[in-house]
Q: 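Would you mind keeping the following structure in view while I ask a few things?
Sequence lines set the chain letters: A, B, ... in the order given, protein chains first and strands last, and positions in each chain run from 1. Here the structure is a predicted model, which means the values were calculated and not measured.
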Amino acid sequence: KAGVTQTPRYLIKTRGQQVTLSCSPISGHRSVSWYQQTPGQGLQFLFEYFSETQRNKGNFPGRFSGRQFSNSRSEMNVSTLELGDSALYLCASSQGSSGNTIYFGEGSWLTVV
Amino acid sequence: ELKVEQNPLFLSMQEGKNYTIYCNYSTTSDRLYWYRQDPGKSLESLFVLLSNGAVKQEGRLMASLDTKARLSTLHITAAVHDLSATYFCAVEEDQGGSEKLVFGKGTKLTVNP
């Protein structure tokens, strides 16, 4: 079956702009999480959605937001982009119960110039 | 706040040798994940360890979990070049059903011929 699909895979934005990243989870998965990966900070949790509700949120400023749709697809948005937002953004999906395998997508590479 | 420490962060080993990567974490959890990441790629799930004493093996990799010691190990047996990658452990933070993962900084493994 298809894995976690993220779009776009690569994008370049200018400081001050906003960006929306999309994630389609594995069919049947109801939980979608987002992570930011940078060389300096490593992998950091952004937020998790389950059945359209945000279940948890990491320590990121309010410029980072997300949502989940009724078909479990999710989007995350970053407004007023800063150079430090350049990162690999990874989406993960699972069935939503603790201890399930959590599968990651290929990621969206965001460069802010 | 849950903290996850991996060591070593860099590991260069010869083909055919054995070695162990250690993952310590700071608060109680009995759900631990191991992932592999190749350069420029996403995270590939290796193991999910769900209880004290859990041991899982796949090929040349074996992972174990000691929840009392808050320690997981990833043992590599008779390393081959194809195992060169970065390995991450991640601990599921107990937050009321949320699947937030806290990652270690990763161990970059290089297997030399």
Q: Taking atom OH of A:Tyr103 as the centre, does the number of heavy atoms from other residues, nucleotides or ligands within less than 6.0 Å exceed 12?
A: no
Q: Is it the case that atom CZ in B:Phe10 sees more than 12 heavy atoms from other parts of the structure closer than 6.0 Å?
A: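 Not more than 12 within 6.0 Å, no.
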Q: Using heavy-atom distances under 4.5 Å, tell me whether A:Gln44 contacts chain B through its side chain, its backbone, both, or neither.
A: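 A:Gln44 has no heavy atom closer than 4.5 Å to chain B.
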Q: Step through it carefully: locate the ring centre of B:Tyr35, locate the ring centre of A:Phe104, and say whether they are under 6.0 Å apart.
A: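 Yes.
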Q: If two hydrophobic side chains count as joined below 4.5 Å and joins carry through other members, does B:Ile21 share a cluster with B:Tyr33?
A: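 Hydrophobic grouping puts B:Ile21 apart from B:Tyr33.
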Q: Would you say the side-chain atoms of B:Glu99 and A:Ser33 include a donor-acceptor pair closer than 3.5 Å?
A: no
Q: Please state whether the side chain, the backbone, both or neither of A:Ser31 comes within less than 4.5 Å of a heavy atom of chain B.
A: side chain
Q: Looking only at non-hydrogen atoms, find the nearest pair between B:Lys41 and A:Leu88 and report the distance.
A: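 Shortest heavy-atom separation between B:Lys41 and A:Leu88 comes out as O-CD2, 4.5 Å.
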Q: Does A:Glu48 use its side chain to pair, donor to acceptor, with the backbone of B:Lys100 at less than 3.5 Å?
A: no
Q: Is it the case that atom NZ in B:Lys105 sees more than 12 heavy atoms from other parts of the structure closer than 6.0 Å?
A: no
Q: Surrounding CD of B:Glu5 (heavy atoms of other residues, nucleotides or ligands, distance under 6.0 Å), is the total greater than 12?
A: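 Counting other residues, nucleotides and ligands, CD of B:Glu5 stays at 12 neighbours or fewer.
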Q: A quick test of your reading: do over 12 heavy atoms of other residues, nucleotides or ligands sit less than 6.0 Å from CG of A:Asn71?
A: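 Enclosed.
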Q: So, using side chain to side chain contact (heavy atoms under 4.5 Å, CB included) as the criterion, who are the partners of B:Asp66 when residues are at least two apart?
A: B:Asn52, B:Lys68, B:Ala69
Q: Run A:Gln37 and B:Phe88 through side chain to side chain contact (heavy atoms under 4.5 Å, CB included) and show every step you take.
A: CA-CA 12 Å; A:Gln37 186 175 26; B:Phe88 291 93; 3.7 Å; yes
Q: Take A:Leu43 and B:Leu43, measure what side chain to side chain contact (heavy atoms under 4.5 Å, CB included) needs, and give me the verdict at the end.
A: CA-CA 11 Å; A:Leu43 281 149; B:Leu43 298 171; 4.1 Å; yes
Q: If you round to the nearest 0.5 Å, how far is CD of A:Gln41 from CZ of B:Phe103?
A: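 Answer for the CZ-CD pair, B:Phe103 versus A:Gln41, is 15.0 Å.
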Q: For A:Leu90, is it the side chain, the backbone, both, or neither that has a heavy atom closer than 4.5 Å to a heavy atom of chain B?
A: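 Just the side chain, heavy atoms under 4.5 Å.
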Q: Which one of B:Leu101, B:Leu49, B:Leu32 has the most heavy-atom pairs closer than 4.5 Å to chain A?
A: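 Highest number of heavy-atom pairs under 4.5 Å: B:Leu101.
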Q: Compare every heavy atom of A:Ile102 with every heavy atom of B:Ser45, then report the nearest pair and how far apart it is.
A: CB-O, 4.4 Å
Q: Would you say CZ of A:Phe60 has more than 12 non-hydrogen atoms from neighbouring residues, nucleotides or ligands within 6.0 angstrom?
A: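 Count over threshold, so yes.
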Q: Given that the side chain runs from C-beta out, which part of A:Phe47 has a heavy atom under 4.5 Å from chain B: side chain, backbone, both or neither?
A: neither
Q: Considering only heavy atoms, which portion of B:Glu1 lies under 4.5 Å from any heavy atom of chain A: side chain, backbone, both, or neither?
A: neither
Q: Kindly check if the number of other-residue, nucleotide or ligand heavy atoms within 6.0 Å of CZ (A:Arg15) is above 12?
A: no
